Peer 1: 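Can you keep this structure in mind? I'll have questions shortly.
Numbering of residues begins at 1 and proceeds along the displayed sequence. The model shown is predicted, which means the values in this text are computed figures rather than measured ones.
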Amino acid sequence: NQQARVIKYNKNILKFLELSPSRAIIGTKLADLTPANEMLLRLVKERANCSVEIQFDLKNKKRFFDVSITSLFQRDTIYSGIVLIFRDITVLKNDAIKLMEQSEQLQGLNQLKNRVFSIISHDLRTPVRQLGDVLNMTIKGMISEDELNMLLPELAKSVNQTSTVLDNLLFWSKTQMEGEHTEPESLDLHQKVQKEITFLSSRAEEKKIKIECEIAPSTLIYADREMT
């Protein structure tokens, strides 16, 4: 009515709001039935005519409702009350939330895919192509045995580095899809950096880039070995 008190109701509202069947509803203020829902109370106070989506936290569960608000007037000018129609949209809302979460996960997987392809094209394809070129030239007799022996140490180094990149790539992809599980330990940061410099040295020399390690020897860090 004009004082925002309930004068008539459908019994389903008791189920919606998880109220006791013995609860006295007639004469109860709307604010006592829907506490902490300021938006709905404000729209009722403003005598609005609209629909609004609201959320209730009932017994540690979230419930969602679409509420249709219709103000009633006598002779088009005298306000006599308001009609509220509640429609439970909890299932629809939860499904929409799940779809949004799945969409975000799919976007994350697409980004992961793009990053994996980028790493494969830059860090794996070139060494494998170089190895294939040397093997093909050897089969065709374009490289002598002495020349092959000179190339073998560099090829072995390239294969070992490619294997390391592949192992790291597989581990990183697994952590991205399944979540990270860390096993931290004390590691020598200087040795780790020197290892990376050695890995990048060939490409750095080709581009005339000089890489130096300014980390003091025996500098220790506490980290997961597979993530460094």
Peer 1: What's the shortest heavy-atom distance between Gln130 and Ser158, and which atoms?
Peer 2: OE1-OG, 4.5 Å
Peer 1: Run Ile97 and Glu101 through side-chain contact (heavy atoms from CB on, under 4.5 Å) and show every step you take.
Peer 2: CA-CA 6 Å; Ile97 292 174; Glu101 292 175 348; 3.8 Å; yes
Peer 1: Partners of Ile209 by side chain to side chain contact (heavy atoms under 4.5 Å, CB included), sequence neighbours excluded?
Peer 2: Ala204, Lys207, Ile211
Peer 1: Report the residues that fulfil salt bridge (Lys or Arg N to Asp or Glu O under 4.0 Å) with Glu46, sequence neighbours left out, ordered by chain and then residue number.
Peer 2: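 Expected list: Arg42.
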Peer 1: Hey, can you pull the donor-acceptor pairs under 3.5 Å for the side chains in residues 84-91, sequence neighbours left out?
Peer 2:
from: Asp88; atom 1: OD1; to: Thr90; atom 2: N; distance (Å): 2.9
from: Asp88; atom 1: OD1; to: Thr90; atom 2: OG1; distance (Å): 2.6
from: Asp88; atom 1: OD2; to: Arg63; atom 2: NH2; distance (Å): 2.6
from: Thr90; atom 1: OG1; to: Arg63; atom 2: NE; distance (Å): 3.4
from: Thr90; atom 1: OG1; to: Phe64; atom 2: N; distance (Å): 3.0
from: Thr90; atom 1: OG1; to: Phe64; atom 2: O; distance (Å): 3.4

Peer 1: Which pair of heavy atoms, one from Ser218 and one from Asp188, lies closest together, and at what distance?
Peer 2: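 Nearest heavy atoms, Ser218 then Asp188: CA-OD2, 3.7 Å.
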Peer 1: Give, for atom CG of Leu187 and atom CD1 of Ile221, the distance between the pair rounded to the nearest 0.5 Å.
Peer 2: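 Reported to 0.5 Å precision, the distance equals 5.5 Å.
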Peer 1: What's the separation between atom OG in Ser103 and atom NZ in Lys98, rounded to the nearest 0.5 Å?
Peer 2: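 Answer rounded to 0.5 Å: 16.0 Å.
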Peer 1: Could you check whether any side-chain heavy atom of Glu104 comes within less than 4.5 Å of a side-chain heavy atom of Gln102, counting everything from C-beta outward?
Peer 2: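 SC-SC contact between Glu104 and Gln102 ruled out.
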Peer 1: When hydrophobic residues are tied together by side-chain contacts of less than 4.5 Å, even through go-betweens, does Ile197 share a cluster with Ile215?
Peer 2: yes
Peer 1: Any link between Leu72 and Ile26 through a network of hydrophobic side chains (Ile, Leu, Val, Met, Phe, Trp, Tyr) touching at under 4.5 Å?
Peer 2: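 Leu72 does not cluster with Ile26.
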Peer 1: Rounded to the nearest 0.5 Å, what separation is found between the CG atom of Leu41 and the CD1 atom of Ile54?
Peer 2: 9.0 Å
Peer 1: If I compare all heavy atoms of Ile13 with all of Tyr9, which pair ends up nearest, and what's the gap?
Peer 2: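 Closest pair (atom of Ile13, atom of Tyr9, distance): CG2-CD1, 3.9 Å.
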Peer 1: Contact between Leu131 and Thr162 at the side-chain level, heavy atoms closer than 4.5 Å - yes or no?
Peer 2: no
Peer 1: Who passes side-chain hydrogen bond (donor to acceptor under 3.5 Å, both in side chains) against Ser20, sequence neighbours left out?
Peer 2: Ser22
Peer 1: Checking side-chain contact (heavy atoms from CB on, under 4.5 Å) for the pair Ser51/Ile69: CA distance, chi angles, key distance, verdict?
Peer 2: CA-CA 6 Å; Ser51 293; Ile69 306 172; over 6 Å; no
Peer 1: Using the rule that Ile, Leu, Val, Met, Phe, Trp and Tyr join whenever any side-chain heavy atoms are under 4.5 Å apart, tell me whether Val159 and Val128 fall into a single cluster.
Peer 2: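 Per the 4.5 Å side-chain linkage, Val159 and Val128 are not co-clustered.
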Peer 1: Could you tell me which residues satisfy salt bridge (Lys or Arg N to Asp or Glu O under 4.0 Å) with Glu53, sequence neighbours excluded, listed by chain and number?
Peer 2: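 With sequence neighbours excluded, Glu53 shows a salt bridge (Lys or Arg N to Asp or Glu O under 4.0 Å) to Lys93, given in chain and number order.
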Peer 1: Of the non-hydrogen atoms in Ala48 and Ser71, which two are nearest, and what is the gap between them?
Peer 2: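 Reported closest heavy-atom pair: O-OG, 3.1 Å.
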Peer 1: Roughly how far, to the nearest 0.5 Å, is CD1 of Ile78 from CD of Gln2?
Peer 2: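 It comes to 9.5 Å.
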Peer 1: Hey, what do you get for CD1 (Ile82) to CG (Leu30), rounding to the nearest 0.5 Å?
Peer 2: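 Rounded to the nearest 0.5 Å, the CD1-CG separation comes out at 8.5 Å.
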Peer 1: Taking only distance into account, with no hydrogens and no angle test, what donor-acceptor pairs under 3.5 Å do side-chain atoms of residues 137-150 form with protein atoms, sequence neighbours excluded?
Peer 2:
from: Thr138; atom 1: OG1; to: Val134; atom 2: O; distance (Å): 2.8
from: Ser144; atom 1: OG; to: Glu147; atom 2: N; distance (Å): 3.2
from: Ser144; atom 1: OG; to: Glu147; atom 2: OE1; distance (Å): 3.4
from: Glu147; atom 1: OE1; to: Ser144; atom 2: N; distance (Å): 2.9
from: Asn149; atom 1: ND2; to: Glu145; atom 2: O; distance (Å): 3.2

Peer 1: Is there a path of hydrophobic side-chain contacts, each under 4.5 Å between heavy atoms of I/L/V/M/F/W/Y residues, joining Val83 to Tyr79?
Peer 2: no
